[in-house]
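These notes concern the structure reproduced below.
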Number of protein chains: 2
Amino acid sequence: MTQTRKRARPVKRRPPATPRLALTRKAPIDGALDAELFRALSDETRLSLVACIAKCGRACSVGEVALCCSVDVSVVSRHLALLARAGVLSVRRRGRVVAYALQYDELCESLHALAAAIESLKPAENLSKGACNDGCC
Amino acid sequence: MTQTRKRARPVKRRPPATPRLALTRKAPIDGALDAELFRALSDETRLSLVACIAKCGRACSVGEVALCCSVDVSVVSRHLALLARAGVLSVRRRGRVVAYALQYDELCESLHALAAAIESLKPAENLSKGACNDGCC
DNA sequence: ACTATATTTGCATCATGACGCAAACACGCA
DNA sequence: TGCGTGTTTGCGTCATGATGCAAATATAGT
């Protein structure tokens with residue numbers, strides 16, 4: 001199954017000359033940029049809920065979390081469900097109480113993967129700030 | 001200026017009993033959750049522009065980037081300006097051409113800082129999935 | 001089965017954002 | 001100075017999302 005002949009070379013290919021050409025180039029960053037995740041984290045109210053649950057270090061019920069902010073409990077319910085769909089929180093029902101907890105490991109992994117994907121694309125210093133913009137380099 | 005007496009103890013304090021109490025607790029995650037950054041990355045069109053510029057590995061002009069997607073160049077101009085305001089891209093004017101480049105280092109640093117902030121809040125395994133939800137623990 | 005509590009859902013409202021088009025603007029060059 | 005190209009801005013339109021309230025639903029306990 002694994003390649004037995006030579007082994008994939010870990011060399012960094014020359015970057016595409018233009019952004020248009022970059023479109024066709026596959027890179028780890030393609031899978032690491034998750035719009036749904038970022039959208040879930042793009043609202044201040046949701047971020048405050050995430051911070052509360054994160055700092056609490058345990059699963060929190062909808063009602064509990066609703067005490068952390070000024071919006072209606074129905075709004076909190078919707079926010080938490082959205083965060084769970086995006087993978088930020090896990091959800092578990094215990095009786096009539098629904099408890100949401102931070103997905104510590106999964107989140108950290110996603111963030112590290114994205115950082116690594118970005119790092120792998122970082123060019124030599126002389127190119128990073130763009131010596132030219134006409135595709136000559 | 002720096003504390004000369006004892007040195008801040010690096011011990012992990014017991015987490016707040018309820019999310020409501022967590023509100024008053026300061027933690028690195030408070031500064032690491034940047035809604036503006038996440039909002040900038042929450043749009044699919046913008047993400048495709050970011051990926052193009054990232055893979056290209058150099059500063060790209062507005063016109064160049066506009067060739068990467070199907071939206072109007074004016075829309076691309078707005079997207080890139082927004083990404084620059086959020087710290088995702090750097091912007092530099094060269095004559096009448098405006099070139100945007102990925103902020104590789106700054107982005108990676110933000111992502112790592114957030115991951116570290118999350119990691120620092122991760123509780124012992126038995127607590128993470130919530131043994132109770134009434135503030136008893 | 002009835003009741004109380006926890007959560008979700010339907011609906012209306014208001015704000016924000018993505019988009020295209022056209023006009024305005026900026027700047028290098030003749 | 002006038003022209004051409006690259007970029008931004010003004011404006012209207014359409015879609016999406018955040019919010020609150022009330023009603024519906026779920027479930028534990030009596």
Side-chain angles (χ1 to χ4, degrees), chain A residues 18-20 35-50 52-53 58-86 88-101 130 132-136, chain B residues 18-20 35-50 52-53 58-86 88-101 130 132-136:
Chain A
T18 68
R20 182 73 182 81
E36 189 187 14
L37 172 64
F38 295 131
R39 222 196 71 65
L41 300 175
S42 69
D43 180 78
E44 294 282 3
T45 302
R46 276 194 295 271
L47 283 188
S48 73
L49 303 182
V50 168
C52 270
I53 295 176
R58 60 171 175 84
C60 302
S61 73
V62 176
E64 268 184 328
V65 178
L67 298 176
C68 298
C69 60
S70 57
V71 300
D72 192 81
V73 62
S74 68
V75 174
V76 172
S77 171
R78 268 188 274 250
H79 278 324
L80 295 179
L82 187 155
L83 286 163
R85 275 197 303 275
V88 177
L89 304 178
S90 64
V91 54
R92 178 156 181 198
R93 177 156 219 134
R94 241 179 298 110
R96 56 185 165 179
V97 173
V98 177
Y100 289 90
C132 65
N133 74 316
D134 52 6
C136 67
Chain B
T18 68
R20 182 72 182 80
E36 188 187 12
L37 171 63
F38 296 131
R39 222 197 72 63
L41 299 175
S42 68
D43 181 79
E44 293 281 5
T45 303
R46 276 195 295 272
L47 283 187
S48 74
L49 303 183
V50 168
C52 270
I53 295 176
R58 60 170 175 84
C60 303
S61 73
V62 176
E64 270 184 326
V65 178
L67 298 176
C68 297
C69 60
S70 57
V71 300
D72 192 80
V73 62
S74 69
V75 175
V76 171
S77 171
R78 269 187 273 250
H79 278 325
L80 295 180
L82 187 155
L83 286 163
R85 275 197 302 275
V88 177
L89 304 178
S90 65
V91 53
R92 180 158 181 194
R93 177 154 218 133
R94 241 179 299 109
R96 57 187 163 177
V97 174
V98 176
Y100 289 89
C132 64
N133 74 313
D134 53 7
C136 67

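Lettering of chains follows the sequences in order, A, B, ..., and the numbering in each one begins at 1. Both backbone and side-chain heavy atoms feed into the values below; hydrogens, waters and symmetry mates do not.
- Regarding contacts with the backbone of C:dA18, every side-chain N or O of B:T45 stays at 4.0 angstrom or more from both OP1 and OP2.
- Following rounding to the nearest Å, A:L47 (CG) and D:dG17 (C1') show an atom-to-atom distance of 15 Å.
- Residues A:R93 and A:L82 both approach DNA chain D. Their nearest nucleotides, taken by heavy-atom distance, put A:L82 toward the 5′ side.
- Of the residues near DNA chain D, A:G95 and A:D72, the one whose nearest nucleotide (by heavy atom distance) lies more toward the 5' end is A:D72.
- Applying the 3.5 Å distance criterion, the base of C:dG17 shares no donor-acceptor pair with the side chain of A:R39.
- To the nearest angstrom, C1' of C:dA6 lies 12 Å from CG of A:L67.
- When atom types are taken as modelled, the side chain of B:R58 and the backbone of B:I53 share no donor-acceptor pair closer than 3.5 angstrom.
- Distance from the side chain of B:D43 is smallest to C:dA18 among D:dA18, C:dA18, C:dT7.
- When the side-chain nitrogen and oxygen atoms of B:R46 are compared with OP1 and OP2 of C:dA18, one or more of them lie within a distance under 4.0 Å.
- In this structure, the CG atom of B:L41 is 12 Å from the P atom of C:dA18, given to the nearest Å.
- Side-chain contact between A:L82 and A:R46: present, with at least one pair of heavy atoms (C-beta onward) separated by less than 4.5 Å.
- Residues B:R85 and B:E36 form a side-chain contact, since some pair of their non-hydrogen atoms from C-beta on lies under 4.5 Å apart.
- As a whole-Å value, the separation of B:E44 CD from C:dG17 C1' is 15 Å.
- In this entry the distance linking CG of A:L49 with C1' of D:dT19 reads 13 Å, nearest Å.
- The separation between A:L83 atom CG and D:dG17 atom C1' is 14 Å, rounded to whole Å.
- Taking only distance into account, the side chain of A:S74 meets the base of D:dC21 through a donor-acceptor pair shorter than 3.5 Å.
- In this structure, B:F38 places its CZ atom 20 Å from C1' of C:dT16, rounding to the nearest Å.
- Side-chain proximity of A:H79 to the nucleotides D:dA18, C:dA18, D:dA26 is greatest for D:dA18.
- D:dG17 atom P lies 11 Å from atom CD of A:E36, rounded to whole Å.
- Between B:V76 and B:L80, some side-chain heavy-atom pair lies under the 4.5 Å cut-off.
- With hydrogens and angles ignored, no donor-acceptor pair closer than 3.5 Å exists between the side chain of A:R96 and the base of C:dT7.
- Residue A:C52 is tested with A:C68, A:C69, A:C60 for a side chain to side chain contact (heavy atoms under 4.5 Å, CB included); the sole match is A:C68.
- The base of C:dG20 sits with one of its N or O atoms less than 3.5 Å from a complementary donor or acceptor on the side chain of B:R78.
- Contact between the side-chain N/O atoms of B:S77 and the OP1/OP2 oxygens of D:dT7 is not found at any separation under 4.0 Å.
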